[in-house]
Amino acid sequence: RKEVEQDPGPFNVPEGATVAFNCTYSNSASQSFFWYRQDCRKEPKLLMSVYSSGNEDGRFTAQLNRASQYISLLIRDSKLSDSATYLCVVNEASGTYKYIFGTGTRLKVLA
Amino acid sequence: GAGVSQSPRYKVAKRGQDVALRCDPISGHVSLFWYQQALGQGPEFLTYFQNEAQLDKSGLPSDRFFAERPEGSVSTLKIQRTQQEDSAVYLCASSPQGVAVPDTQYFGPGTRLTVL
């Protein structure tokens, strides 16, 4: 089993739709979680950190479920500009610098 | 302000050639990471520096890969005797803090290496 697993997609959704991605991780000792966004042929950029209590940033909501070892990202009112690959990132264990990236989930928002 | 820069942006090498990839992190950033990203995959950890100290090189695929950061700023990833399977995008990232602090990583644009 991979350490961090994501559905690669693609998810094709119309503008204005709500879409959700899940990511599962295998190491119960992981403590830090992030979602990064990567546009085609560009570098990854931090979208948001994921906190235990869940957090929201505008149209984006991230949640953490430690018991089931997954994190989720919800995008409301999708825009064309949201089209990208969304990378789930988990640290290997508490207090380490080593981050494990998922393969990414591709989102395409259609006009 | 200036972000992370990498050079060259593109490199084509013949199999067996040595290559050197450069990373200029954000000034003052303590941590520096190298990743390898194959097509359709997420970035895979190669190595980590805290200032000039290479604390982890467990992700380097073979002893043909070598990284250094002698003065705690610029870093170079060297690949000796390149093979076709080395073809990938090599990403460098830096972050302000050191070990044990979960932190945003700022990525450079990457070097796309193609080995013929």
Side-chain angles (χ1 to χ4, degrees), chain A residues 2-10 21 23-27 29-52 55 57 62 64 71 73 84-108, chain B residues 3-7 9-10 23-26 29-51 53-60 69 88-114:
Chain A
K2 282 189 180 175
E3 291 178 83
V4 177
E5 289 203 63
Q6 294 183 252
D7 181 342
F21 311 133
C23 162
T24 58
Y25 61 95
S26 60
N27 189 345
S30 297
Q31 294 291 325
S32 302
F33 309 91
F34 307 88
W35 284 102
Y36 276 71
R37 171 195 168 127
Q38 186 171 29
D39 292 289
C40 190
R41 294 185 165 257
K42 299 282 190 183
E43 71 271 23
K45 290 185 179 172
L46 179 69
L47 179 66
M48 57 199 306
S49 302
V50 186
Y51 304 122
S52 297
N55 48 306
D57 182 3
L64 168 63
I71 67 174
L73 177 68
T85 296
Y86 291 84
L87 297 162
C88 170
V89 186
V90 175
N91 82 329
E92 190 180 56
S94 177
T96 73
Y97 47 81
K98 198 164 174 181
Y99 289 90
I100 311 297
F101 284 71
T103 55
T105 296
R106 249 179 63 205
L107 171 67
K108 203 166 182 181
Chain B
V4 178
S5 61
Q6 291 186 245
S7 61
R9 293 291 313 279
Y10 302 91
C23 172
D24 283 82
I26 294 172
H29 275 198
V30 169
S31 293
L32 187 145
F33 305 80
W34 282 99
Y35 293 90
Q36 181 189 60
Q37 187 172 24
L39 195 63
Q41 302 296 314
E44 290 217 10
F45 172 85
L46 293 178
T47 187
Y48 167 72
F49 290 86
Q50 181 173 271
N51 296 310
Q54 189 175 21
L55 298 190
D56 189 332
K57 52 183 181 178
S58 63
L60 296 177
R69 193 187 184 197
V89 175
Y90 291 85
L91 292 163
C92 174
S94 69
S95 63
Q97 311 256 29
V99 170
V101 180
D103 211 352
T104 302
Q105 293 188 26
Y106 297 86
F107 282 83
T111 294
R112 185 175 297 273
L113 173 64
T114 303

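Quick note: numbers below take in every heavy atom, side chains included, and nothing from hydrogens, waters or symmetry partners. So that the names make sense, note that chain A is the first sequence line, chain B the second, and so on, each numbered from 1.
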For B/Y106, which atoms come within 4.5 Å of any heavy atom of chain A: side chain, backbone, both, or neither?
neither

With only heavy atoms counted, which part of B/S95 is less than 4.5 Å from chain A, the side chain, the backbone, both or neither?
neither

Does A/Y36 form a side-chain contact (heavy atoms from CB on, under 4.5 Å) with B/T104? I'd like the steps, not just the answer.
CA-CA 10 Å; A/Y36 276 71; B/T104 302; 4.2 Å; yes

Are there more than 12 heavy atoms of other residues, nucleotides or ligands under 6.0 Å from atom CD of B/E44?
no

Heavy atoms from other residues, nucleotides or ligands near CZ of A/R106 exceed 12 (cutoff 6.0 Å):
no

For the CG atom of B/D56 and the NZ atom of A/K98, what is their distance to the nearest 0.5 Å?
5.0 Å

Euclidean distance, B/S58 OG relative to A/E92 CD, rounded to 0.5 Å:
7.0 Å

Donor-acceptor contact below 3.5 Å, side chain A/Y99 vs main chain B/F45
no

Which pair of heavy atoms, one from B/L91 and one from A/P44, lies closest together, and at what distance?
CD1-CD, 4.0 Å

Between the side chains of A/Q38 and B/Q37, does any donor sit under 3.5 Å from an acceptor?
yes

Just so I know, are the side chains of B/R112 and A/R41 near enough to count as touching, which here means a heavy-atom distance under 4.5 Å?
yes

Note: vs chain A, highest number of non-hydrogen pairs under 4.5 angstrom among B/P43, B/G110, B/P109 is B/P43

